[in-house]
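Below is one structure, written out as structure tokens, with a few remarks after it.
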Number of protein chains: 2
Amino acid sequence: MKANIYDVSTKAGVSIATVSRVLNGSANVSDKTREKVHAAMLELGYTPNAFARGLGLGSMNTIGIMCSDSSDTYLANAVYHLEHELRKNGYDSFLCCSGYELETKKQYLKLLLSKQVDALILVGSSFLDMTPENNQYIVDAAQQVPVMLMNAALDKPNIYSVLCDDFHAVKHATSSLIQTGHRRILFLYKSHSYSGNEKLAGYRKAFKKHQLEVDERLIQRCPKKLSENIRFIAGLYDMGLEFDAVIASEDIMAVGAVKFAKSRSLRIPDELSIVGFNNSVLAECSEPAVTSIDNRVEALSVTTVNQLMQLFAGRDVPQKIMISADLVQRATTNFPPA
Amino acid sequence: MKANIYDVSTKAGVSIATVSRVLNGSANVSDKTREKVHAAMLELGYTPNAFARGLGLGSMNTIGIMCSDSSDTYLANAVYHLEHELRKNGYDSFLCCSGYELETKKQYLKLLLSKQVDALILVGSSFLDMTPENNQYIVDAAQQVPVMLMNAALDKPNIYSVLCDDFHAVKHATSSLIQTGHRRILFLYKSHSYSGNEKLAGYRKAFKKHQLEVDERLIQRCPKKLSENIRFIAGLYDMGLEFDAVIASEDIMAVGAVKFAKSRSLRIPDELSIVGFNNSVLAECSEPAVTSIDNRVEALSVTTVNQLMQLFAGRDVPQKIMISADLVQRATTNFPPA
DNA sequence: CATGAGAATGTAAGAGCTTACAATGTGAAA
DNA sequence: TTTCACATTGTAAGCTCTTACATTCTCATG
């Protein structure tokens, strides 16, 4: 049924080695032969079997990408840019959405390794657990292939990181809020993750710099779903928690804050200033549009792939690259121009 | 370096056939042997080589998924649900983002076939060109493996479709707008695609039903990017095109319409009613939140995978399944309750 | 015309797994 | 104890390709 290399070689009247040479663009084939082979391939509708090639070659230039959830706008973007960039460099990618369970992550990582990927890219800080032994499976994987972490860092051999400077970005945004007169800044985060912690540290640092105390009640873990996070923020407000600004670790929560403000007729940004994170399309869609920290997914993705290519080329590569974030001001803050 | 099945068999003191049996969960292995083998695998950090397995088995239970652009919210969601559902059924997926160029599409489809996928899922109506010969490459692929189209239809052997009833959804929404007094309904579409045409046909049908003429100037191709589509809509308005309602084939355009209305102080929904499409999170984030047609990505994805599983089980499967859409009313329309 | 270098092609041995079939082992029934 | 059925294990061929090495061809040179 499906044609293989033997069928092609028979039809073209050459040996399979020659067909293979044509397939791989080897120089040592005469033009006439090459044409005969191409014709035979076309006629038979031949598609080389990637399994056999992979087995023979030991690799098929594919990179395993793992993220927790590709329906998340941010991760989807990252994956998109990664895939695009990889392909530009002649690599395929194999995507796995692992969800948030440790066991599934382990299992999927094993799956990727079994596919003989040449490297692994783990996207998102949700891959780093705060308990070191829960990251052991990543360290183990790094014994087989290089591992690139995007938005997370782990100081182990053969593990490289490309991340956004969330710490300074949040520190700067918080500082700007303080400078524009805000003292009660609600900090909303999604979960305890590497970048979540960085952001929080930036928040604290800004307060420290201004010699202000942090009210721990202002640091809240917030649900992601819009309807829920609106209710959550309103709940805090109704319980008497006072705040005059919000920094959210995801745009969707910032949008929630906007909706909450509207529901209570709080004026934005006068009575409530809001800063989001990721600078996704959500921030633009909101009304008023949300000021957001742009952590530059595309730059991160491109850099990640570049690092990998450097590594493959045998060059030395820094274990950790930090990219600075941009603050995109829109209508939910009135920071003075830089 | 990397352990293979021979290493395991040596270490466990059994033949490779037995190791293979353990690997594949075959029943004919004694418990004692199974344990020995497992221990050896663990000790060697053995990961089976998927290329070799695939070569031996002829297939590795993987499905090729192709979409134009996984950074698109809608497609990202579709891909997410597809992957999830496939995995539930024991299948891996291989994702390719083809972009919008015909040549790239062909090339990537070939790539997927070379990976020996057991089936292809093409997501999104952008895969069907209006020129039939440009779809030939899909028809060809269907000779090798079943092809599932999500949100598109092509009546050819071994090609199956799962789609949303965009026609009736738009017809109904348009009708509702007409019934609530609107006559000048701007129809914004992204491109000439299968579902784009269906939507437009629904629009026309509604006018016909109410014995009204369609003003062709109200049918406009609109850019997708928010900043651009706001400008585009404003441009139409400034050129003197009158409209009292908008139906957009994507939520992002509906959000653009909202932003436009605000910029001109048009009251929503009184002076301008707006209906979006996809019921994405954007529709919720907008202020006022946008009424949107929910074309039920998850249901589509689940159905697509189910169809495929039926097919693999050798059962008869309808060539085309239509799923009806929901209209989710929010603040940009005032349709009477159903 | 003989020779030799280099290009073009072919042969055959893998790559790591599955599995049909053969061989061996086990225990119950005779 | 023998025999038979069946569970367990091993042997070897096969899946499709790559590639080192061997062979053959071509043609300029002596």
Side-chain angles (χ1 to χ4, degrees), chain A residues 1-38 40-41 44-62 92 110-111 113-118 144-145, chain B residues 1-38 40-41 44-62 92 110-111 113-118 144-145:
Chain A
M1 175 84 219
K2 236 188 255 180
N4 62 18
I5 200 171
Y6 292 96
D7 301 326
V8 176
S9 80
T10 306
K11 171 138 291 185
V14 299
S15 74
I16 59 163
T18 301
V19 177
S20 175
R21 286 189 190 99
V22 172
L23 221 50
N24 294 287
S26 159
N28 299 323
V29 180
S30 73
D31 291 351
K32 201 161 42 163
T33 310
R34 194 190 316 279
E35 268 177 33
K36 271 195 304 186
V37 172
H38 275 142
M41 285 178 174
L44 292 168
Y46 171 66
T47 313
N49 181 321
F51 290 144
R53 294 192 79 191
L55 190 57
L57 289 163
S59 135
M60 272 294 275
N61 284 3
T62 93
D92 291 334
K110 191 114 192 173
L111 174 73
L113 287 177
S114 82
K115 305 264 183 191
Q116 310 303 111
V117 294
D118 298 306
Q144 307 211 18
V145 293
Chain B
M1 174 85 221
K2 235 188 256 181
N4 62 20
I5 200 170
Y6 292 95
D7 302 327
V8 175
S9 79
T10 307
K11 171 138 290 187
V14 298
S15 75
I16 59 162
T18 302
V19 177
S20 174
R21 286 189 191 101
V22 171
L23 222 49
N24 294 288
S26 160
N28 298 324
V29 181
S30 73
D31 291 351
K32 202 160 43 165
T33 310
R34 192 189 316 278
E35 269 177 32
K36 272 194 305 188
V37 173
H38 274 142
M41 286 178 171
L44 292 168
Y46 171 67
T47 313
N49 182 321
F51 291 144
R53 295 192 80 192
L55 191 56
L57 289 163
S59 136
M60 271 294 275
N61 285 1
T62 93
D92 291 334
K110 191 116 190 171
L111 175 73
L113 287 177
S114 83
K115 305 264 183 191
Q116 311 302 111
V117 294
D118 298 305
Q144 306 211 18
V145 293

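Side chains included, hydrogens not; waters and symmetry mates left out as well; all remaining heavy atoms used. Quick note on labels: first sequence line is chain A, next is B, and so on, each numbered from 1.
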Any base atoms under 4.0 Å from [X], or only sugar-phosphate, or nothing? Heavy atoms, all strands.
| X | result |
| --- | --- |
| B/S20 | base |
| A/N49 | sugar-phosphate |
| B/F51 | nothing |
| B/V19 | nothing |
| A/L57 | sugar-phosphate |

Side chain of [X], heavy atoms from C-beta onward: which of [options] has the nearest atom to it?
| X | options | result |
| --- | --- | --- |
| A/V29 | C/dC17, C/dT9, C/dG16 | C/dT9 |
| A/N4 | D/dT9, C/dG16, D/dT16 | D/dT16 |
| A/Y6 | D/dG10, D/dT16, C/dC17 | D/dT16 |
| A/S15 | C/dT18, D/dT18, C/dG10 | C/dG10 |

- Item | Residue pair A/L57 / A/M60: nearest heavy atoms and the distance that separates them | CD1-SD, 4.3 Å

- Message: Minimum heavy-atom separation for A/L113 and A/V145, please, with both atom names.
- Response: CD2-CG2, 3.8 Å

How long is the line joining [atom1] of [X] and [atom2] of [N], in whole Å?
| X | N | atom1 | atom2 | result |
| --- | --- | --- | --- | --- |
| A/K115 | C/dG16 | NZ | C1' | 16 Å |
| A/I5 | D/dC15 | CD1 | P | 14 Å |
| A/N28 | D/dT23 | CG | P | 18 Å |

- Query: Rounded to the nearest 0.5 Å, what separation is found between the CG atom of B/L55 and the CG atom of A/N49?
  - Reply: 6.0 Å

- If you round to the nearest 0.5 Å, how far is NZ of B/K36 from OG of B/S9? 11.5 Å

- Please figure out whether A/R53 or B/A17 has its closest DNA chain D nucleotide nearer the 5' end. B/A17

- Task: Tell me which of A/Y46 and B/T18 sits closer to the 5' end of DNA chain D, going by the nucleotide each one is nearest to.
- Result: B/T18

- Message: Between A/S30 and C/dT9, is there a contact of a side-chain N or O with OP1 or OP2 at under 4.0 Å?
- Response: yes

